[in-house]
Amino acid sequence: MPTTAADRRSRATWTLDLPSGRRLALTAGRPRVVGILNVTPDSFSDGGLFLDPGRALDHALRLAEEGAEVLDVGAESTRPGGGVYGAGARPVPAAEEIGRLLPVVERLRARLDLPISVDTRKAAVARAALGAGADLVNDVSALGDPEMAKVIAAAGCPVVLMHSRGELGSMQTGISFRAVVAEVRDELAASRARALAAGIAPGRIVLDPGLGFGKTAAQNLELLARLDELAALGAPLLVGASRKSFLGQVTGEPPAGRLAGSLAAAAWCARGGAALVRVHDVGATRRFLAAWAAIEDAGGAS
Ligand code: HH2
């Protein structure tokens, strides 16, 4: 974790080359803001609001205006089962996911020059979305679909490999970590090794600790507090803490009102070296991180 002016000057940087020729420059500790667009009836904080493609497009344009630097579009809720979300999200067949996603990705591509990420666990969905103009794949199952690595390697696009344990429908039961940070770090390293072995280029891999996926609230907080130990893996880190229930447990806020907790998490992402934060509240997060960076830079100037 950078602590001195000299350290800060030597922050890790990466450039993700996107298949469209777009490029996304990343810096550890200066996270880019990824705006969440859930084209779903049942997401935990905004389910049903943007299922209609017209509304999804309006929301995406608003997120872009607020300063989103990437848009992450998902058409299947992945809220895990066995904990606060009961049985968890209903799995969505690929054809239904594609049917929700494609009209939105096509419209976004026609209107916006921002990188578009597609949040899916299915190779068929990723292939269709990349064909419609998406730039990268955000896979919460970290290549769980045996075809996914082939789709990504063939497209030459970046991929987010998120950590989780167990099946989505039951992963909040029987959670057992002895040392959560070390185990998540080692399992992320193993995911990256699998991706490399499957032909995905090292410069195209982003890692994510998977807050809320098969972890207790205390473990999520510990992962945020010790994020620098995951940043030491050397890959850009994306972190999704926005509005998650472990923050609500601390602040008492309801899902759509978890801004205070989400901004505190964004601060710890910046401090721990994250390169991207995945958020619902784009404008507030951009302003918060701008102030954070200005304060940090002021300290490093002397
Ligand atoms: N969290 C969610 C979904 N996708 N992707 C990554 N890489 N990291 C995350 O932490 C992550 C993710 C869950 O949040 P949300 O999309 O708001 O809810 P839902 O899954 O209910 O649609």
Side-chain angles (χ1 to χ4, degrees), residues 31-51 56 59-60 63 68 70-81 83-92 97 100-101 104 115 117-122 125-126 136-144 148 158-165 168-169 171-172 184 188 191 195 205-215 219-220 223-224 227 230 235-248 254-259 261-262 265-266 268-269 274-282 285:
R32 297 260 183 212
V33 173
V34 180
I36 299 171
L37 180 60
N38 283 323
V39 190
T40 56
D42 57 346
S43 287
F44 76 91
S45 81
D46 54 7
L49 292 180
F50 313 117
L51 189 55
H59 187 59
L63 295 180
V70 178
L71 285 174
D72 186 40
V73 192
E76 177 189 50
S77 169
T78 50
R79 63 189 191 290
V84 292
Y85 302 117
R90 176 183 75 85
V92 179
E97 199 178 329
R100 289 179 191 168
L101 204 58
V104 175
S117 149
V118 57
D119 183 354
T120 186
R121 303 180 287 152
K122 301 184 192 78
V125 178
L136 61 146
V137 175
N138 171 23
D139 182 1
V140 300
S141 74
L143 310 180
M148 185 65 105
V159 62
V160 179
L161 302 175
M162 196 198 77
H163 179 274
S164 67
R165 272 188 185 175
L168 209 51
M171 65 171 55
Q172 291 306 112
V184 168
L188 282 174
S191 281
I205 298 174
V206 176
L207 300 177
D208 180 334
L211 300 181
F213 288 84
K215 289 138 193 134
Q219 288 162 353
N220 293 317
L223 283 163
L224 269 176
L227 197 66
L230 304 182
L237 287 183
L238 179 148
V239 183
S242 182
R243 298 187 182 176
K244 285 193 175 163
S245 65
F246 73 94
L247 297 171
R258 289 180 186 150
L259 181 60
S262 301
W268 281 86
C269 290
L276 300 137
V277 287
R278 181 180 180 278
V279 306
H280 302 83
D281 301 290
V282 165
T285 308

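Order of appearance sets the numbers: ligands from 1, and atoms from 1 within every ligand. Quick caveat, the model's predicted, so the values are computed rather than measured.
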Check: Would Arg278 and Asp208 satisfy salt bridge (charged side-chain N to carboxylate O under 4.0 Å, His left out), going step by step from the backbone distance to the final call?
Finding: CA-CA 10 Å; Arg278 181 180 180 278; Asp208 180 334; over 6 Å; no
Next item on the list: Write down, by chain and number, every protein residue that brings a non-hydrogen atom to less than 4.0 Å from an atom of ligand 1.
Entry: Asn38, Ser43, Phe44, Ser77, Thr78, Arg79, Asp119, Asn138, Val140, Val160, Met162, Asp208, Phe213, Leu238, Gly240, Lys244, Arg278, His280
Note to self: When you compare the side chain of Ser262 with that of Thr285, does any pair of heavy atoms fall below 4.5 Å?
What the structure shows: no
Check: Can you check whether Lys215 reaches His163 side chain to side chain, under 4.5 Å on heavy atoms?
Finding: yes
Notebook entry, point to check: For the residue pair His59 and Phe50, does the interplanar ring angle fall in the parallel (under 30°), tilted (30 to 60°) or perpendicular (over 60°) class?
Noted result: parallel
Check: Does Ser141 have any side-chain hydrogen bond (donor to acceptor under 3.5 Å, both in side chains) partners at least two apart in sequence or in another chain, and if so, which?
Finding: Asp139
Note to self: Any non-hydrogen side-chain atom of Arg258 less than 4.5 Å from a side-chain atom of Ser245?
What the structure shows: yes
